[in-house]
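A short worksheet on the structure shown next.
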Amino acid sequence: MNYKTSPIIIDAFFFFIPLAVMAALLIHYGQSWGALALFVLMFFVLWFFRNPERSTTTDEKTVLSPADGKVIKIEEVREQDLITGDFVKISIFMNVFNVHVNRLPCSGEVTAIHYRKGKFLSANLDKASELNERNSILIKTDEGKDVLTIQIAGIVARRIVCWIGEGMKAARGERFGLIRFGSRLEVFLPAGSKVLVRVGDRVRSGETGIGYLS
């Protein structure tokens, strides 16, 4: 088992261990209520960084949700960043209670990854899509279709983690990163793709089909 497939993502222990040390000190000095509060935080950290297994059973042309969360916007856009052309953008908001491990929406080759610094506005705001810190991942499928996925930091999220690199082979449903403490994922499907979700739908990373590549 490696760090990608462990039940708890290793990042959790950067928070868990200091909290455990502080809790032990409070217990030593008789501050049981303070220690209890830290124990609650320790449990939350482990729960937040949980990394459940997921089963991918849909057709290969079905684009999977890269995140757990709620579909907050679906729109047709003209993209001119890593890709140029008309696309359908599906935006998914992750709150602090969702699983935050992100999974690849489709199989293919990772042709580009671009990180950009930015603000930390609430991820459910439309302007967060343009202004917040982001990490863009472009995948070209075996059929030559471009699918763009963007990790966007939120008001609490302060670090975007990406485990893949350019030139790597992407496997649909594979874990590729996470965003700490609430954020947003966007998927750009080629124009003409069939959208399988609606605004307000709840989706699960690696399991819920959000689009179909025609």
Side-chain angles (χ1 to χ4, degrees), residues 54 56-108 111-114 116 118-141 143-155 157 160 162 170 172-174 176-179 182-214:
R54 293 288 165 84
T56 302
T57 58
T58 54
D59 186 282
E60 270 293 330
K61 287 189 176 181
T62 300
V63 177
L64 301 176
S65 174
D68 283 25
K70 181 180 179 180
V71 177
I72 58 173
K73 195 164 188 177
I74 300 172
E75 59 183 325
E76 296 181 354
V77 297
R78 180 76 177 176
E79 184 65 14
Q80 294 180 325
D81 190 3
L82 287 183
I83 46 177
T84 301
D86 296 320
F87 292 84
V88 178
K89 182 172 75 171
I90 301 174
S91 300
I92 300 164
F93 175 68
M94 297 189 295
N95 62 38
V96 294
F97 302 107
N98 292 129
V99 172
H100 272 60
V101 175
N102 304 144
R103 293 173 180 263
L104 293 168
C106 61
S107 299
T111 55
I113 295 179
H114 181 253
R116 190 188 76 189
K119 297 182 178 181
F120 296 98
L121 304 174
S122 179
N124 60 346
L125 299 176
D126 286 344
K127 57 185 176 181
S129 179
E130 296 298 327
L131 300 178
N132 280 19
E133 178 177 314
R134 59 167 53 198
N135 188 55
S136 304
I137 300 165
L138 182 61
I139 297 173
K140 185 176 289 293
T141 69
E143 291 75 30
K145 302 280 188 178
D146 286 321
V147 176
L148 176 65
T149 301
I150 302 179
Q151 299 171 289
I152 300 174
I155 193 169
I160 296 174
C162 182
R172 195 173 62 123
E174 177 187 0
F176 76 88
L178 67 126
I179 315 174
S183 42
R184 176 177 180 144
L185 268 286
E186 294 181 339
V187 179
F188 293 72
L189 305 177
S193 300
K194 182 179 180 181
V195 177
L196 303 177
V197 290
R198 295 180 295 180
V199 172
D201 284 356
R202 298 283 178 176
V203 294
R204 285 164 59 90
S205 65
E207 286 189 352
T208 306
I210 59 173
Y212 189 83
L213 300 176
S214 57

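Counting begins at 1 with the first residue of the sequence.
In this structure, Thr62 OG1 and Lys194 NZ are separated by 9.5 Å, a value rounded to the nearest 0.5 Å. In this structure, Ser65 OG and Leu196 CG are separated by 11.5 Å, a value rounded to the nearest 0.5 Å. Between the SG atom in Cys106 and the CD atom in Glu60 there is a gap of 9.0 Å [rounded to 0.5 Å]. The CG atom of Asp146 sits 7.5 Å away from the OG1 atom of Thr141 when rounded to the nearest 0.5 Å. Once rounded to the nearest 0.5 Å, the distance linking CD of Glu133 with NZ of Lys119 reads 13.5 Å. Expressed to the nearest 0.5 Å, how far OG of Ser205 lies from NE2 of His100 amounts to 11.0 Å.
Contact annotation: the side chain of Ile72 approaches that of Arg184 to within less than 4.5 Å [non-hydrogen atoms, C-beta and beyond]. Inter-residue side-chain proximity for Ile137 and Phe176 is flagged as met; some heavy-atom pair is nearer than 4.5 Å. By the 4.5 Å heavy-atom criterion applied to side chains, Thr84 and Arg78 are counted as neighbours. Using a 4.5 Å heavy-atom cutoff, the side chains of Glu207 and Thr56 are not in contact. In this structure the side chain of Ile210 never reaches within 4.5 angstrom of the side chain of Pro105, judged on heavy atoms. Between Val203 and Val71 there is a side-chain heavy-atom pair separated by less than 4.5 Å. Side chains of Asn135 and Ile179 form no contact here, defined as non-hydrogen atoms less than 4.5 Å apart.
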* To do: Could you go through the side chain to side chain contact (heavy atoms under 4.5 Å, CB included) check for Val101 and Arg54 one step at a time?
  => CA-CA 11 Å; Val101 175; Arg54 293 288 165 84; over 6 Å; no

* Would you check, one step at a time, whether the test side chain to side chain contact (heavy atoms under 4.5 Å, CB included) holds for Thr149 with Ile139? => CA-CA 8 Å; Thr149 301; Ile139 297 173; 5.5 Å; no

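Asn95 and Phe97 get closest at one heavy-atom pair: OD1-N, 2.8 Å. Contact between Leu82 and Ser136 at its shortest, heavy atoms only, is CD1-CB, 3.6 Å. Closest approach of Gly211 and Leu189 over heavy atoms only: CA-CD1, 3.8 Å. Between Leu104 and Ala170 the shortest heavy-atom distance is CD1-CB, 3.6 Å. The two residues Ser91 and Glu186 have their closest heavy-atom pair at OG-OE2, 3.3 Å. Here the closest non-hydrogen pair linking Thr208 and Arg204 is OG1-N, 2.8 Å.
For CD of Glu76, the number of neighbouring non-hydrogen atoms (other residues, nucleotides, ligands) closer than 6.0 Å is 12 at most.
Listed by first then second residue, pairs satisfying salt bridge (Lys or Arg N to Asp or Glu O under 4.0 Å) with a partner in residues 97-106 number zero, not counting sequence neighbours.
Here the side chain of Ser107 pairs a donor or acceptor atom with the backbone of Arg172 at under 3.5 angstrom. With hydrogens and angles ignored, the 3.5 Å screen pairs no side-chain donor or acceptor of Asn102 with any backbone N or O of Ala67.
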